[in-house]
Amino acid sequence: MTDDGIRVALPSGAEAFVARGTTAADALRALGERRVGEAIAVKVGDHVLDLSRGLVADATLAPVFPDSPEGLDVLRHSSAHLLAHAVKRLFPNTQVTIGPVIESGFYYDFKRAQPFTPEDLERIEATMRELASENIPVSRREMRRAEAIALFREMGEHYKVEIIEGIPEDHVSLYTQGDFTDLCRGPHVPSTGRLRAFKLTSVAGAYWRGDERNEMLQRIYGTAFPTPKQLKEHLALLEEAKRRDHRRLGRELDLFSFHPEAPASPFFHPKGAIVYNTLVAYIRDLYREFGYDEVLTPQILDVELWKRSGHYENYRENMYFTEADERQMAVKPMNCPSHCLLYADGKRSYRDLPLRLADFGRLHRYERSGVTAGLTRVRSFSQDDAHIFCAPEQIDAEVTSVVEMIFRTYDLFGFSERRIYLGTRPERSIGDAATWERAERTLREVLKRRGIAFEVHPGEGAFYGPKIDFCILDAMRREWQLGTVQLDFSLPERFDLHFINREGKEERPVMIHRALLGSIERFMAILLEHCAGDFPLWLAPVQVRLITVTDQQQAYAQQVVATLRASGLRAEADLRNEKLGYKIREAELQKVPIVLVIGEKEVAAQTVAPRRRGAGALPASDLPSFIASIATEARPGAPGGVP
RNA sequence: GCCACCCUAGCUCAGAUGGUAGAGCAGCCGAUUCGUAAUCGGCAGGUCGAGGGUUCGAAUCCCUUGGGUGGCUCCA
């Protein structure tokens, strides 16, 4: 190494000496990297930088291509800049704010008096295309903070000024492409021509700095990919998501509906009720196995109870209130206080613990209009909720057993990818610091001991205690929260709960709030979208549909239906005077798992000709062996059947 | 709650610039009696989410309101 030279290397080991200040792109060329032209950035150590960055010290370099995760981020970030560039060109009076990369694309927030219309979006996208085809070079420069503030102030970009004022460093970096300059950490593509596959997807309101007390900005969402083909695939995926939308399937499969008379409160139709109740039946089976006792508790309780539990203090804005006998009452948003009353009904011994009280009670929570959505966020629902009252030394075993129930259940439904989060103390909460500390440590230890990978979500705990949230990825790779385990030392305190321990002394139990599916409504929505309406046999509202070829077979068909029903199957007959193909098509569209075709031959031979959803015809068989062949699969909680 | 958009027959959707509603599917009736994803014909169905306004005239323009959708905030 010489004074004016530095040593650069590729991860493969190739080395070269170049002059200090050589750009990353030139250094890569000097190293014999052939695909420099395809790279959009460079990785120096752990940092992704512009290709035009001058190298000042020895470094190991790796080109960043658009199809790598880092490259995709650069591409999308630059697309956000291209969007801002186009907006400033079309609407010069607009102020720019921030434009980050998000999971499936990017967005940019703007301040403009006029709202952006869908037509504006088209014009903006067209302008983005023009700017891309002009292949404008993107350059970076650094500037003193004060200088940058002055510059953006002069440009009338007050939000940028505010952002820079919040940056502690002396210098900030600016990126310029043609007549557009933006404050940005970078890195960016070398020129706008590298952006070939992007699309603006929607406009939405968004608060400045994500605070609802601040003014509202206009956010434009978009997405970008390395190639047009990948963009197209992504858009096709969005179409598929639309096709699987549970609101749509709910209507098409006649499962549930919504009515303005009870906003955000689902009405389950007979078929939807079967799915719902079968899910509950599955959970009840688990409860039998894991030692839970089911209870039923009132819908409306005295406000005093909610004051005592802390809900009135912390949760009032989400509760419904009413009055009776001049007493203030509240509709329950949760079951826990009722379970505390149940626990306290009589002396408890350590021999009674753990006491696991399960409750499928209907809950009502007032959700602000605008946050509700289909079955995933409703105002009326029930959970597979339970509260475990146990001695402190039992916490570990109890949490462990809940985790087992959760994992087994998610496996059953084909949710094999999970993400687990530990939520710690939120701002609004009850209980002292030491108790919180203890509870958080307990949960952390259980997870660690079980070798379960998790992430910490600071401040995401419940107001009464820390929690572990169990999320899954569905078939569309979207993340949903389902189960939860929450430790609670506060409610036992507030309700002055105790049990008599081995020493004959009163001791405070711990309460564990937990759910596997979470809200049944929400779970049903997620499952419906996950399996695109193709429920496993045991959950299907109609398991078997008989289809007659002509009306000569009606009597036999009805007889078969009766036999199937007698053996516990949900069966029905389609006796309509329609062609076979028509009736089969309808059964397929209705996602009926098994169709039994009954024609002249079947009547004569006293058999049925089965047909599996999506798989076509199977050989005919006699009725008893057909029933035997599906018996296991039709039992609640039968494995398989979900992708 | 905030921003934007949407609401026409049970469903999916047509109905530039204001002249008072239309299709396919579903439904009903009839014909057809048929072998693994749509048989043919006919009939009926809407105070265009609701209320108010502008206008000679409103599904269409304006205001209010209800519901929904996509986001933001929230999800204890």
Side-chain angles (χ1 to χ4, degrees), chain A residues 102 107 109 112 114-118 120-121 201-221 242 245 247-248 251-252 254 257-264 309-319 333-334 336 365-374 376-379 423 426-430 459-465 467 469 481 484 486 488 513 518-519 522 547-554 576-590 595-602 609-618 620:
Chain A
I102 52 171
Y107 68 77
D109 283 350
R112 178 173 174 245
Q114 296 293 106
F116 290 115
T117 65
D120 290 339
L121 240 58
T201 48
S202 60
V203 234
Y207 300 106
W208 167 234
R209 302 211 139 150
D211 190 327
E212 70 176 322
R213 288 164 302 193
N214 288 343
E215 58 197 305
M216 185 150 280
L217 308 172
Q218 292 184 68
R219 175 171 298 178
I220 298 180
Y221 282 94
K242 225 188 241 176
D245 190 309
R247 291 164 294 201
R248 176 185 174 140
R251 188 175 49 239
E252 287 173 358
D254 197 17
S257 57
F258 286 90
H259 303 275
E261 289 78 358
S309 68
H311 285 85
Y312 190 81
E313 180 70 19
N314 291 283
Y315 201 63
R316 195 180 9 184
E317 20 335 338
N318 288 285
M319 291 170 66
M334 296 188 204
C336 21
R365 299 182 184 180
Y366 171 75
E367 301 282 0
R368 295 162 97 184
S369 69
V371 308
T372 59
T376 59
R377 187 91 179 262
V378 290
R379 289 177 173 165
E427 274 183 36
R428 281 180 89 176
S429 57
I430 54 180
E460 296 288 312
F463 73 80
Y464 42 73
K467 63 177 182 174
D469 283 333
Q481 194 209 309
T484 186
Q486 311 176 348
D488 185 354
H513 308 241
S519 138
R522 186 181 149 83
I547 294 185
T548 48
V549 178
T550 75
D551 51 19
Q552 298 307 303
Q553 294 90 38
Q554 286 187 0
R576 291 174 303 169
N577 176 15
E578 293 289 351
K579 289 184 126 173
L580 184 59
Y582 179 88
K583 293 203 272 193
I584 286 187
R585 175 184 151 82
E586 200 151 281
E588 286 281 348
L589 291 175
Q590 284 296 304
V595 160
L596 294 181
V597 174
I598 306 281
E600 221 173 313
K601 282 181 284 186
E602 286 71 27
R611 187 184 201 283
R612 288 299 293 233
R613 174 183 61 204
L618 298 169

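In the text below, chain A, chain B and the rest are named by the order of the sequence lines, each starting its count at 1. If you're wondering where the values come from, they're calculated on a predicted model, not measured in any experiment.
Distance from the side chain of A:Pro260 is smallest to B:rG67 among B:rG1, B:rU36, B:rG67. Listed nucleotides B:rG1, B:rC11, B:rG35 differ in distance to A:Arg251; the shortest reach to its side chain belongs to B:rC11.
Base pairing annotation: B:rC2 forms a Watson-Crick or G-U wobble pair with B:rG71, both donor-acceptor distances under 3.5 Å. Across every strand in view, B:rG51 sits in a pair with B:rC63 that passes the Watson-Crick or G-U test at under 3.5 angstrom.
Distances shorter than 4.0 Å separate some side-chain N or O of A:Arg247 from OP1 or OP2 on B:rG70. Taking 4.0 angstrom as the limit, A:Arg611 places a side-chain polar atom (N or O) nearer than this to OP1 or OP2 of B:rA37. Contact annotation: A:Tyr582 does not reach the phosphate of B:rC40 (side-chain N/O to OP1 or OP2, under 4.0 Å). Phosphate proximity of B:rC34 to A:Thr550: absent, as no side-chain N or O sits under 4.0 Å from OP1 or OP2. Not one side-chain nitrogen or oxygen of A:Arg613 sits closer than 4.0 Å to the OP1 or OP2 atom of B:rA37. Between A:Tyr221 and B:rC72, a side-chain N or O to OP1/OP2 separation shorter than 4.0 Å is present. Between A:Tyr107 and B:rG70 there is no side-chain polar atom (N or O) within less than 4.0 angstrom of OP1 or OP2.
Taking only distance into account, the side chain of A:Glu602 meets the base of B:rG35 through a donor-acceptor pair shorter than 3.5 Å. In the interface, the side chain of A:Arg368 is not paired with the base of B:rC74 through any donor and acceptor atom under 3.5 Å apart. Not a single donor-acceptor contact under 3.5 angstrom links the side-chain atoms of A:Tyr207 to the base of B:rG71. Interface remark: the A:Arg365 side chain does not form any donor-acceptor pair with the B:rC74 base, using a distance-only criterion of under 3.5 Å.
In this structure, A:Glu588 pairs ionically with A:Arg611, as a charged nitrogen and a carboxylate oxygen lie closer than 4.0 Å. Comment: A:Asp245 engages A:Arg247 in a salt bridge, judged by a side-chain N to carboxylate O separation of less than 4.0 angstrom.
Between A:Glu578 and A:Ala262, the residue whose closest nucleotide on RNA chain B is further toward the 5' end is A:Glu578.
The distance from atom NZ of A:Lys242 to atom C1' of B:rU12 is 13 Å, rounded to the nearest whole Å.
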Exercise for review: For A:Arg112 and A:Asp120, run side-chain contact (heavy atoms from CB on, under 4.5 Å): C-alpha distance rounded to whole Å, both residues' side-chain angles, the deciding distance at 0.1 Å, then the answer.
Suggested key: CA-CA 13 Å; A:Arg112 178 173 174 245; A:Asp120 290 339; 3.9 Å; yes
